[in-house]
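Below, read A as the first sequence line, B as the second, and so on, with proteins coming before strands; counting in each chain starts at 1.
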Protein chains: 2
Amino acid sequence: MSKRGPATHRPGSAGDVWLRPPGRTGRDAPPLSRDRIVEEAVALLDAEGADRLTMRRLAERLGTGSTTLYWHVKTKDDVLDLALDMIFAEVRIPSGDGRGWRAGITALIDGWRAVLLRHPWSAALLGRPMLGPNVLARSEFLYATLLEAGVVEPRLTAAAYGLSNYVIGSALMQSTWLADADEEVRRAARERLRADRERYPALAAHGPLATDGDWDTGFALGLTWLLDGIEAGIATTGDAADAAGGTDTAARA
Amino acid sequence: MSKRGPATHRPGSAGDVWLRPPGRTGRDAPPLSRDRIVEEAVALLDAEGADRLTMRRLAERLGTGSTTLYWHVKTKDDVLDLALDMIFAEVRIPSGDGRGWRAGITALIDGWRAVLLRHPWSAALLGRPMLGPNVLARSEFLYATLLEAGVVEPRLTAAAYGLSNYVIGSALMQSTWLADADEEVRRAARERLRADRERYPALAAHGPLATDGDWDTGFALGLTWLLDGIEAGIATTGDAADAAGGTDTAARA
DNA sequence: TCGGCGACTGGACCATTGATCCGGTCACTG
DNA sequence: CAGTGACCGGATCAATGGTCCAGTCGCCGA
């Protein structure tokens with residue numbers, strides 16, 4: 001390693017002058033923008049999980065020093081917030097065609113859930129205010145669709161929140177349970193539950209560990225229940241019911 | 001401080017012999033058990049939040065050195081897991097009196113939610129397998145009650161998960177939104193949303209920021225929807241409906 | 001042509017944190 | 001009273017988030 005080491009301290013010059021490539025200190029990669037950082041952060045998070053994301057590792061992947069990142073980003077939390085918002089861009093906002101509000105909302109929620117599961121680290125980050133443009137756009141669609149469907153105020157907030165919270169909770173639990181130490185913790189937990197069978201009879205027989213898998217139908221069922229409840233509220237109140245132009249509303253009522 | 005300092009290194013002797021109280025190196029507090037650690041951890045978490053919990057601070061509050069904690073506990077995550085399970089002991093498990101399954105489940109879920117909101121740090125920790133005895137006991141009650149009510153398998157898991165996920169998501173969002181930088185971030189967010197009013201019209205008019213507060217009725221509404229859906233499933237399937245001994249089931253069907 | 005200015009980069013450095021090493025102390029037993 | 005095992009803690013390590021400040025590069029006005 002030819003101990004040039006920390007003694008000389010010549011910042012910027014990576015070796016002798018003769019070895020230094022011309023122009024921009026070498027390295028022809030795009031000049032490191034906030035977007036590139038976040039993009040790479042998402043890749044790193046996808047690949048190695050939330051706790052393996054450090055500023056140094058991220059910088060290394062980007063071919064720069066860790067300090068440089070702080071010029072584009074104030075703190076590490078910024079990176080996380082930006083990454084969280086970025087993946088929400090993957091959720092396609094359903095076009096407001098004539099397929100009714102239920103179809104639109106179902107599509108949105110399903111896409112939302114798919115994204116959260118595709119990036120398992122995201123579930124653990126949901127405990128922070130989500131105010132990025134992509135998140136807001138999806139929420140806007142949700143509120144707008146519910147409004148068009150005729151949902152009014154005491155129930156409007158409940159519906160929007162209920163749906164969001166349901167997705168978030170489901171994704172959080174599922175990705176926790178799946179990603180966290182695959183097949184090892186789960187078997188240990190199963191064993192432990194079977195050992196205490198007399199203490200938790202129902203849980204041991206029908207618990208989440210017994211029926212491993214098939215989260216999808218369970219999720220869909222719960223979603224249906226919520227939507228049914230919302231729809232029933234519209235029918236009861238009755239006002240502005242078919243301002244939505246959705247045939248689905250009338251059909252199911 | 002009379003620089004006796006790090007030079008001498010006399011472990012265990014906190015000062016001269018004359019100053020040392022007799023017996024057990026002084027300090028008459030109970031001899032530091034795992035329970036006492038977790039108890040204090042919960043107190044610290046309640047008082048200062050999740051990110052202020054360090055092993056050193058915790059040890060300081062307990063009047064010991066940080067190293068000692070690792071004799072009772074393997075890692076910091078252990079402390080968090082134990083703390084999370086400990087607060088669930090506060091949730092009273094409803095007695096199976098004749099008030100029907102809906103009343104029991106509602107009571108459980110409400111208690112659950114109350115605890116999560118009373119200890120706001122807990123919401124952020126939900127992204128880890130919850131296998132403590134207290135959590136398991138509550139889940140056991142949930143499953144047992146649903147089984148007694150006559151909910152069968154495709155819908156059983158969906159019901160149990162749906163309810164849990166709904167509480168978790170709701171508590172996560174609410175305590176995030178409330179605890180996180182009170183009244184400052186919220187106003188900034190409100191402002192930002194009002195600024196982009198034309199981009200997010202529905203959100204700005206009826207968003208979570210507009211109708212600040214009254215989370216309770218919203219939560220109750222969503223819970224009703226879920227319970228209605230579960231109940232409808234029982235009525236449809238019809239088998240083993242009144243094996244529960246609950247009068248409520250028959251009454252509402 | 002040149003001086004400098006602003007955008008950007010990174011090596012050294014700092015404080016904090018989780019965790020470990022290892023030399024202790026204490027109550028209790030034979 | 002020696003010995004044993006439960007328990008304690010100062011020093012220390014490695015990793016991490018974040019800052020300081022000395023640099024480099026492209027560009028723009030004089």
Practice item. Could you tell me whether the phosphate oxygens of C/dT9, OP1 or OP2, come under 4.0 Å of any side-chain nitrogen or oxygen in A/H72? Key: yes
Point to revise | B/T68 vs D/dC7: side-chain N/O to OP1/OP2 distance below 4.0 Å | key: no
Just how far, in rounded Å, is [atom2] of [N] from [atom1] of [X]?
{"X": "A/D77", "N": "D/dT16", "atom1": "CG", "atom2": "P", "answer": "16 Å"}
{"X": "B/R52", "N": "C/dG18", "atom1": "CZ", "atom2": "P", "answer": "12 Å"}
{"X": "B/R56", "N": "D/dC13", "atom1": "CZ", "atom2": "P", "answer": "14 Å"}
{"X": "B/R34", "N": "D/dC7", "atom1": "CZ", "atom2": "P", "answer": "12 Å"}
{"X": "A/E60", "N": "C/dT9", "atom1": "CD", "atom2": "P", "answer": "17 Å"}
{"X": "B/L62", "N": "D/dC8", "atom1": "CG", "atom2": "P", "answer": "10 Å"}
{"X": "B/L44", "N": "C/dT17", "atom1": "CG", "atom2": "C1'", "answer": "14 Å"}
{"X": "B/Y70", "N": "C/dC21", "atom1": "OH", "atom2": "P", "answer": "13 Å"}

Point to revise | Test item: B/N165 and A/N165 side chains (from C-beta on) under 4.5 Å apart, heavy atoms | key: no
Point to revise | Pairwise side-chain contact, B/V79 with B/M55, heavy-atom cut-off 4.5 Å (strictly under) | key: yes
Closest to the [X] side chain, choosing from [options]:
{"X": "B/M55", "options": "D/dT16, D/dG9, C/dG18", "result": "C/dG18"}
{"X": "A/K76", "options": "C/dT9, D/dC8, D/dG18", "result": "D/dG18"}
{"X": "A/T54", "options": "C/dC8, C/dA19, D/dT16", "result": "D/dT16"}
{"X": "A/W71", "options": "D/dG18, C/dG18, C/dA7", "result": "C/dA7"}

Base, sugar-phosphate, or nothing for [X], non-hydrogen atoms under 4.0 angstrom?
{"X": "A/S66", "value": "nothing"}
{"X": "A/L69", "value": "nothing"}
{"X": "B/L58", "value": "nothing"}

Check your understanding: Hey, is A/D216 close enough to A/R113 for a salt bridge, meaning N to O under 4.0 Å?
Key -> yes
Exercise for review: Look at the side chain of A/T67 against the base of C/dG11 and say whether a donor-acceptor pair falls under 3.5 Å; ignore hydrogens and angles.
Suggested key: yes
Check your understanding: Is it the case that B/R138 places NZ or CZ above or below the six-membered ring of B/F88, under 6.0 angstrom from the centre and within 45 degrees of the axis?
Key -> no
Point to revise | Among B/Y166, B/W177, B/W215, B/F219, the one residue meeting ring pair (Phe, Tyr, Trp, His ring centres under 6.0 Å) with A/Y161 | key: B/W215
